[in-house]
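In what follows, a single structure is set out as structure tokens and then discussed.
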Amino acid sequence: MKPDLSVEMFGLTFKNPVMGASGTVGYGIELAPYIDLGRIGAVVTKGISIEPRQGNAPPRLFETASGLLNSIGVQNIGAARFIAEVLPRLEKYDTRIIVNIYGESIQEYRQAAECFCGVEGVDALEVNLSCPNVDKGGLAFGTDPTLVQTVVREVKEASGKPIIAKLTPNVTDISPLARAARDGGADAVSLINTLMGMAVDIRSRGPFFGKVKAGLSGPAIKPVALRLVWEAARELDIPVIGVGGIMTGEDAVEFIMAGAGAVQVGTANFVDPAAMNAVVGGIETFMEENRIERLADIRGVIK
Amino acid sequence: MKATIKENRELVPRYFTMTLSEMGDDFRGEPGQFVMIRGDWGSDPLLARPLSICRFLHEDGQIRIVYRVMGRGTRRLSEMKAGQTVDINGPLGNPFPRPDESRRVLLTAGAIGAPPLIALAGSMAVSPLLIIGGRTRNDVVFISDEIRELDIETIYVTEDGSYGQKGTAVTELARHVGGNDLVYACGPNRMLAEIARLSEEIGFEAHVSFEERMACGIGVCLGCAVRHANGTYVHVCKDGPVFNVTDIDWDRL
């Protein structure tokens, strides 16, 4: 018998637990030439703000040992153009669509969320509470439990959509933030966003990035992500979506055993645009080989 | 897709030629396009490397890339042996616009910028003039086998005068180019910016190909941003790598 990879979260069925992480799949449609989008659980768009954003001045990327530092700065076409030009093309695929929203103030988060109120085809919003690459908003919001709770409450009210709060790992203790997201009415949390890092250009004796600090992703951060997902899952009764350095199906299984309801694949999409199909296949193979019928049988087995 | 390394050989110190076979029947690239290439070496280095296609050997279903060892990724690539396989994504990006061969065509290469221009020369009926500049001898002679094979009229120029003329590719271009000529170039940003300035001064049409860091090569990471003349960022992988010089904001590059 084929194992059942489906996942139920906030009243929706996802055909499997694998999602494309925000910022690594564009708006989703860019990957269509490489993978069957209908074979993944969901696409999470890159961060979308009310107004278009240009993003940061280059350089924007720096490769590290088994990882990648980025300083993109939420470059996006804005909510109106996304809804008018991109969404109709994305909706044609048989996958869940989660829109990641970004703002620089509570007001902007609320307005961005309002743009998606009643917009069919958008299944949920993920609130980017943790972008390290911008001067305002993002991380500043993500590290303050009171602000996390307020932003989550506001976007939920404004959009009427299920809300996933994307949490930052750049804190000493994730528990107060996880609880704040839940108390604000989040339907799930996703973690981790990138770990804050930096790179030095020793020839110019200066920082490599214009904003000095940048976000680290890739296999290098997987152990940290796993630990934080495990901690958040123990704390919360809402789903925890695990993200950070997942390259294979076996990596994804580790997150599920640590308590993740679903997983997001990020930097792996840069290395291989077909990576998500391989992750889905890898989970399936692991379940078959180990006679696991449902993901619930292994979810959170690590107490 | 997987491709098999048919040959991987050092041409001069740090410069390598790699011929890839079994590219698959649907591999149809054009001059100026690139591939993302990666060996099966685990997670470090993590990302594939964007490398321009130097030769399309269609009849044999092969492509050739010529690359310089710059860092960890290209070093790992240089250590691979014939018979091993690599992961290839491509052809990617926009090719050079087809040259109007009734005009004189000048190709200007800065060292390892030469390979895509060799591909372009190989596709033309009339031989263009190639100007290849570099710091020293090895930075220009690495590509001479390809130049001889395609019989391309070439001016070599080195900054230290160790081979060919003494000077830079741009000083040499300035001596030869006229307002009605068509210029194609690939090299470091500083060189491309000088060509843009010269183009404005003399009035020739110029298309340049950028060398840029990339994570994905397909427009999802948004890492390879350059400033467009209209003030927005465009991306070398998807909007380029070839741009008309008038499309770029050279002052804010």
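Lettering follows sequence order; numbering is per chain, from 1. Keep in mind it's a predicted model, so treat the numbers as computed, not measured.
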*What part of M36(B) gets closer than 4.5 Å to chain A, counting heavy atoms only: side chain, backbone, both or neither?*
neither

_Axial cation check for Y233(B) ring with R60(A), 6.0 Å and 45° limits_ = yes

*Between T74(B) and R68(B), is any pair of side-chain heavy atoms under 4.5 Å apart?*
no

*What parts of residues 235-248 of chain B touch chain A if we use heavy atoms and a cut-off under 4.5 Å?*
H235(B), K238(B)

_Parallel, tilted or perpendicular, judged at 30° and 60°: which one describes the rings of F62(A) and F209(A)?_
perpendicular

*Could you point out which residue of L117(B), V183(B), L198(B) forms a side chain to side chain contact (heavy atoms under 4.5 Å, CB included) with T108(B)?*
V183(B)

*Can you tell which part of R38(B) gets under 4.5 Å to a heavy atom of chain A, answering side chain, backbone, both or neither?*
side chain

*Between R64(B) and T19(B), is a side chain to side chain contact (heavy atoms under 4.5 Å, CB included) present by the stated rule, with each step listed?*
CA-CA 4 Å; R64(B) 186 173 299 153; T19(B) 304; 3.2 Å; yes

*Does any heavy atom of chain B fall under 4.5 Å from the side chain of T64(A), the backbone, both, or neither of them?*
backbone

*What orientation do Y184(B) and F96(B) show, parallel under 30°, tilted 30 to 60°, or perpendicular over 60°?*
perpendicular

*Interface moiety of R252(B) toward chain A, non-hydrogen atoms closer than 4.5 Å*: neither

*Answer yes when D87(B) and K2(B) have at least one side-chain N-carboxylate O distance shorter than 4.0 Å, and no when they do not.*
yes

*asked:* Can you tell me which portion of A274(A) sits under 4.5 Å from chain B's heavy atoms? Options are side chain, backbone, both or neither.
replied: neither

_Residue, of P58(A), P59(A), P273(A), that accumulates the most heavy atom pairs under 4.5 Å with chain B_ = P58(A)

_To the nearest 0.5 Å, what is the distance between OG1 on T267(A) and CG on N70(A)?_
8.0 Å

*Applying a criterion of heavy atom separation less than 4.5 Å, what residues of residues 19-33 of chain A form contacts with chain B?*
G23(A), T24(A), V25(A), G26(A), E30(A), L31(A)

*asked:* Using a 4.5 angstrom heavy-atom cutoff, name the option from G55(A), A57(A), G218(A) with the most pairs to chain B.
replied: A57(A)

*Taking every heavy-atom pair that is under 4.5 Å apart, which of G42(B), A48(B), G231(B) has the most such pairs with chain A?*
G231(B)

_Any donor-acceptor pair under 3.5 Å from T45(A) side chain to N100(A) backbone_ = yes

_Between D139(B) and Y15(B): side-chain donor-acceptor atoms closer than 3.5 Å_ = yes

*Distance-only polar pair, side chains of T17(B) and R9(B), donor-acceptor under 3.5 Å*: no

*Would you mind reporting whether L46(B) and M247(A) have side-chain heavy atoms less than 4.5 Å apart?*
yes

*Would you say the side-chain atoms of S49(A) and N76(A) include a donor-acceptor pair closer than 3.5 Å?*
yes

